[in-house]
Protein chains: 2
Amino acid sequence: MLTPNPAVELSQTQMPPAPPVFPQPRDEGDFHTSSVPLNFARNSEIFAEGESAGYVYKIVSGVVRVSKLLPDGRRQISAFHLPGDMFGFEVDDVHHVSAEAIGPVKVLAYKWQSLLSNTSSSGFVHELLNRTMIGLRQTQDHLLLLGRKNALERLAAFLIEMVRRTGSDRSLQLAMPRHDIADYLGLTLETVSRMFAELKDAGIIKLESARQVSVLDMQKLEAMAT
Amino acid sequence: MLTPNPAVELSQTQMPPAPPVFPQPRDEGDFHTSSVPLNFARNSEIFAEGESAGYVYKIVSGVVRVSKLLPDGRRQISAFHLPGDMFGFEVDDVHHVSAEAIGPVKVLAYKWQSLLSNTSSSGFVHELLNRTMIGLRQTQDHLLLLGRKNALERLAAFLIEMVRRTGSDRSLQLAMPRHDIADYLGLTLETVSRMFAELKDAGIIKLESARQVSVLDMQKLEAMAT
DNA sequence: CGACTGGTTGACGAGGGTCAAGGACCGTGG
DNA sequence: CCACGGTCCTTGACCCTCGTCAACCAGTCG
């Protein structure tokens with residue numbers, strides 16, 4: 001996808017109609033560089049593994065999953081990105097992960113090369129370095145989770161992460177289905193469902209619905225995440 | 001460890017005597033910044049999780065493991081670093097991982113702040129951004145391994161990675177014990193040992209000794225790594 | 001030679017995957 | 001208004017991979 005015109009790509013299954021696209025460059029104050037606002041429909045692909053990487057994306061609204069696939073279909077989600085997060089930068093102009101919109105997503109797309117060459121953008125390089133280092137640290141934390149924690153600890157850690165990142169306190173709205181949570185935590189969706197039930201039976205959370213979780217005992221939840 | 005004088009810290013167990021330390025700053029061509037050569041003995045700590053992060057390290061010789069620990073002792077090694085690699089950079093002046101010398105290690109230590117403030121070092125920031133992005137990519141690949149691959153696939157991937165990184169072709173010298181390989185691959189040392197045996201029985205590798213591996217069939221090995 | 005670290009192998013069990021069935025919730029259309 | 005299809009979620013039964021525990025072996029250094 002070299003020319004960003006993604007909302008046309010509603011290939012996968014039948015999709016709710018994508019919001020209209022406005023491909024006119026706008027001047028965003030952020031990096032003294034023009035950005036293009038883009039809209040993506042639920043489950044549509046923002047970029048895929050192996051594609052040429054021309055743009056950096058900043059989320060305006062919605063949630064994005066970044067993942068890698070094995071040839072036989074096994075999938076590992078390496079991160080969920082929320083509004084304000086940036087993603088899509090690569091060293092060598094090739095995407096080594098793919099990114100998809102979990103629900104309807106609005107992003108700002110920045111042209112990668114113009115950002116780096118732009119002389120007034122040394123602040124941008126520092127910002128990018130910071131964000132990349134933070135991303136590296138979160139990914140290292142996730143390695144510990146995948147390599148050494150059991151299913152219950154993983155789900156507890158996930159819920160804590162989501163509570164913290166969404167800035168909510170007790171009530172938590174999950175943007176993603178069980179299957180995505182499973183692929184993020186290195187589990188199956190059945191195990192994720194069972195661990196939800198276990199936390200519920202222990203009186204630590206309350207399931208208003210599958211996507212709407214209330215944390216009843218944050219202390220205990222944090223203790224379970226080890 | 002704010003003042004680098006590490007070879008004195010031979011705390012853990014009885015250690016082979018550390019090579020002498022030469023703490024005089026030298027001018028290395030690399031980043032137009034002075035570096036301090038340091039030596040670390042086998043199993044000695046270069047820095048620990050939670051410590052203040054003042055230096056960036058570049059390996060001259062030896063192998064370093066970077067890891068995170070759970071309170072109950074479970075450990076995840078997030079990376080092995082070989083000569084030429086850099087490690088130790090953090091966003092917020094606090095180390096979120098620990099680093100230890102696997103065998104005797106020589107590094108060059110660069111003062112972190114002086115590198116970033118130095119006006120002539122914008123090249124350094126770009127280099128650091130590149131290295132961090134590469135590190136992030138490798139860590140994402142490792143997430144896929146830990147989250148979705150089985151024991152045999154993990155060991156095969158590890159051997160391929162080591163062959164590639166050491167630049168060797170058939171013969172591979174492993175710097176680390178089974179326990180470290182296990183903590184890198186999210187397995188136990190027994191399982192690692194069994195997978196070595198399995199690859200050996202399949203005629204894919206030959207174990208000259210525990211640390212000396214010959215790859216007999218690279219094709220098959222790559223096929224096993226999925 | 002003895003102590004120590006590191007590695008291999010076996011027996012057994014548990015945690016989580018697989019397979020299967022059914023329930024809850026939603027928007028659409030008759 | 002309700003039936004219908006689709007997506008998502010839950011729960012149960014069974015099984016397999018890998019962890020645990022234990023014994024033993026190999027190499028090395030004093």
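Chain naming here is simple, since letters A, B, ... match the order of the sequence lines and numbering starts at 1 in each. Model, not experiment: these values are computed from the prediction.
No more than 12 heavy-atom neighbours from other residues, nucleotides or ligands sit within 6.0 angstrom of CE on A:Met224.
Residues B:Ser214 and B:Glu208 bring a donor and an acceptor atom of their side chains to less than 3.5 Å of each other. No hydrogens or angles considered: a donor-acceptor pair under 3.5 Å links the side chains of B:Ser171 and B:Gln212.
A cation-pi arrangement, defined by a distance under 6.0 Å to the six-membered ring centre and an angle within 45 degrees of its axis, is absent between B:Arg165 and B:Phe80.
Among the atoms of the strands shown, only primed sugar atoms or phosphate atoms (P, OP1, OP2) are found under 4.0 Å from some heavy atom of B:Arg211.
Atom CD in A:Glu153 sits roughly 12 Å away from atom C1' in C:dG15 (whole-Å rounding). Atoms CG (A:Asn150) and P (C:dG13) sit 21 Å apart, rounded to a whole Å. Between A:Arg148 atom CZ and C:dG15 atom C1' the separation is 15 Å, expressed in whole Å. Atom pair B:Ile205:CD1 and C:dG7:C1' shows a separation of 14 Å (rounding to whole Å applied). The separation between A:Ile181 atom CD1 and D:dT7 atom C1' is 15 Å, rounded to whole Å. The distance from atom CG of A:Leu155 to atom P of C:dG15 is 17 Å, rounded to the nearest whole Å. The separation between A:Arg178 atom CZ and D:dT11 atom P is 11 Å, rounded to whole Å. Rounded to whole angstrom, the span from the CD atom of A:Glu208 across to the P atom of C:dC25 amounts to 13 Å.
Electrostatic pairing of A:Asp85 and A:Arg131 does not count as a salt bridge here, judged by no charged N lying under 4.0 Å from a carboxylate O. Between A:Asp201 and A:Arg194, none of the side-chain N atoms (NZ, or NE/NH1/NH2) sits under 4.0 Å from a carboxylate O, so this pair counts as no salt bridge.
Applying the 4.0 Å criterion to OP1 and OP2 of C:dG17, one finds that A:Thr188 has a side-chain N or O inside that range. In this model, the phosphate group of D:dC8 is approached by a side-chain N or O of A:Arg42 to a distance below 4.0 Å at OP1 or OP2.
Annotation: proximity of residues 189-201 of chain A to DNA chain D (heavy atom, distance under 4.0 Å) is found for A:Leu189, A:Glu190, A:Ser193, A:Arg194, A:Ala197, numbered in ascending order.
B:Phe47 and B:Phe87 have tilted rings, their planes meeting at an angle from 30° to 60° on a 0 to 90° scale.
In this structure, CZ on B:Arg137 lies 8.5 Å from NZ on A:Lys68, to the nearest 0.5 angstrom. The distance from the CG atom of A:Leu146 to the CZ atom of A:Arg154 is 5.5 Å, given to the nearest 0.5 Å.
Minimum atom distance to the side chain of B:Leu207 is reached by C:dT8, of the listed C:dG17, D:dC8, C:dT8.
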Can you check nucleotides 25-30 of chain D for protein contacts, nitrogen or oxygen pairs under 3.5 Å, and list what you find?
none

